[in-house]
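All remarks here apply to the structure that follows.
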There are 2 protein chains.
Amino acid sequence: MLTLKQDHSELVVLSVLAIGPSYGYAISKDIAARSDGHFKLSPSGMYPLLTKLEKNGLVTTGWEEVKAAGADPDSTGRRRKWYTLSDKGHKQLTKRIEHHRQVQSILDGFVMPSNQSAPESELANG
Amino acid sequence: MLTLKQDHSELVVLSVLAIGPSYGYAISKDIAARSDGHFKLSPSGMYPLLTKLEKNGLVTTGWEEVKAAGADPDSTGRRRKWYTLSDKGHKQLTKRIEHHRQVQSILDGFVMPSNQSAPESELANG
DNA sequence: AAGAATATATCCAGTTTCGATATATCCGAA
DNA sequence: TTCGGATATATCGAAACTGGATATATTCTT
């Protein structure tokens, strides 16, 4: 199981929402499924993140009352909060992907296979 | 200027030290130079990080007294703390690179160009 | 002699992290 | 019909992290 940092979590959630509207629980299942169980975003990571996205205007939200098949008509029913990526969210995602790729490319300059071998050089303390 | 998160900072510092021993200020200049000024690790990020690496046994350290050319013989001189990647540090670096690549590869599954286009699909609410 | 560069290091207020916890509904099995 | 697992959203709080500001001291350049 690989743990996701906030930045990566946001990137993944925005990416999932770019496909279409969804809600917390479904997003979390989606992430687990689409990463073959390697990525996991727990409720305590998911909901503060979604709230933040909402506050920043990257998503719009709406409640759905999920009526059960044979449910008590008086029952409140299970509530589901849908998240839809806004225009701002789409732009933000594009921006983040760009940023992500740039960081990757520069990082790769440091993390080359050559770095893993012989540290025998004597360019110190001389 | 791209800001580095702790994880990336550690990866970069370990990578720099894999080439050979160095010290805080030099590492920070090295990172700026080797990233064309895109990455920056400030003193307040660098020294706590180096201390942590030392505490975790990923580096060994030693002080060097840097005598100036025409310096006062009684002068203490400038002190330089050298950091050398330990065996444990080398192993840790290899491990982190592996982890980094794995995260990248899975992340790329989410962040595909296709995600940036038309979110018209109706696979919600069904 | 002043100021920029070299060099290491801590402080601290704000943010992030993430397991634990709380609440409530729905569904299938015993 | 009752129990447990799955569905579903949300907060708490201790610990860790972040990064600008600050402190200290030496050396080089002008």
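Protein chains get the first letters and strands the later ones, always in sequence-line order, with residue 1 at the start of each. Note that the coordinates shown come from a computational prediction; the quantities given were computed from them, not determined experimentally.
- Taking the side chain of B/K81 as heavy atoms from C-beta on, and the options D/dT7, C/dA20, C/dT8, the nearest nucleotide is C/dT8.
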**OP:** Carefully, step by step, assess A/H99 and A/Q104 under the rule side chain to side chain donor-acceptor pair (under 3.5 Å).
**Re:** CA-CA 9 Å; A/H99 179 265; A/Q104 279 328 303; over 6 Å; no
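- Put simply, OH on A/Y83 is 13 Å from P on D/dA8, counting in whole angstrom units.
- Residue B/S44 is in base contact, counting any heavy-atom pair closer than 4.0 Å across all strands shown.
- Atom CZ in B/R79 sits roughly 11 Å away from atom P in D/dT26 (whole-Å rounding).
- Side-chain atoms of A/Y23 lie closest to D/dA8 of the nucleotides D/dA8, C/dA7, C/dG19.
- Taking the side chain as every heavy atom from C-beta outward, A/L107 and B/F39 approach each other to under 4.5 Å.
- Note on A/L4: only backbone sugar-phosphate atoms sit closer than 4.0 angstrom, heavy atoms only; bases stay farther off.
- Residue B/D30 contributes atom CG, which lies 16 Å from atom C1' of C/dA7 at whole-angstrom precision.
- Comparing B/K29 and B/T51, the nucleotide of DNA chain C nearest to each residue sits closer to the 5' end for B/K29.
- The side chain of A/Y25 lies closest to D/dA8 when the candidates are C/dT8, D/dA8, C/dT17.
- Put simply, the side chain of A/R78 and the base of D/dT7 share a donor and an acceptor less than 3.5 Å apart.
- Looking at heavy atoms from C-beta onward, B/L17 lies out of side-chain contact with B/T84 at the 4.5 angstrom threshold.
- Taking 4.5 Å as the limit, every side-chain heavy atom of B/V66 sits out of range of all side-chain heavy atoms of B/R79.
- Between the CE atom of B/M46 and the P atom of C/dA7 there is a distance of 13 Å, given to the nearest Å.
- To the nearest angstrom, C1' of D/dT11 lies 14 Å from CG of A/L50.
- Looking at heavy-atom distances under 4.0 Å, A/K40 makes no contact with the nucleic acid at all.
- The CD1-P distance, from A/I27 to D/dA8, rounds to 12 Å in whole Å.
- Rounded to the nearest 0.5 angstrom, A/Y83 OH and A/L58 CG are separated by 13.0 Å.
- For the pair B/L41 CG and D/dG20 C1', the computed distance is 14 Å after rounding to whole Å.
- Closest to the side chain of B/R80, from the set C/dA7, C/dT16, C/dC18, is C/dA7.
- The distance between atom NZ of A/K5 and atom C1' of C/dC18, rounded to the nearest whole Å, is 10 Å.
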Original post:
Between B/L50 and B/V13, is a side-chain contact (heavy atoms from CB on, under 4.5 Å) present by the stated rule, with each step listed?
Top reply: CA-CA 9 Å; B/L50 289 174; B/V13 168; 4.0 Å; yes
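- Considering every non-hydrogen atom in both A/P43 and A/P48, the closest pair reads O-CD, 3.8 Å.
- For the pair B/K52 and D/dC17, the criterion of a side-chain N or O lying under 4.0 Å from OP1 or OP2 is met.
- If you check every strand for non-hydrogen atoms under 4.0 Å, A/G45 touches nothing.
- A salt bridge (charged side-chain N to carboxylate O under 4.0 Å, His left out) with A/E10 is found for one member of A/K5, A/K52, A/K95 and no other, namely A/K52.
- Note on B/Q6: a side-chain N or O is less than 4.0 Å away from OP1 or OP2 of D/dT18.
- A rotation axis mapping the C1' atoms of four pairs onto the next four is fitted at both ends of the helix from C/dA1-D/dT30 to C/dA30-D/dT1 over five pairs, and the angle between these axes is 10° to 10 degrees.
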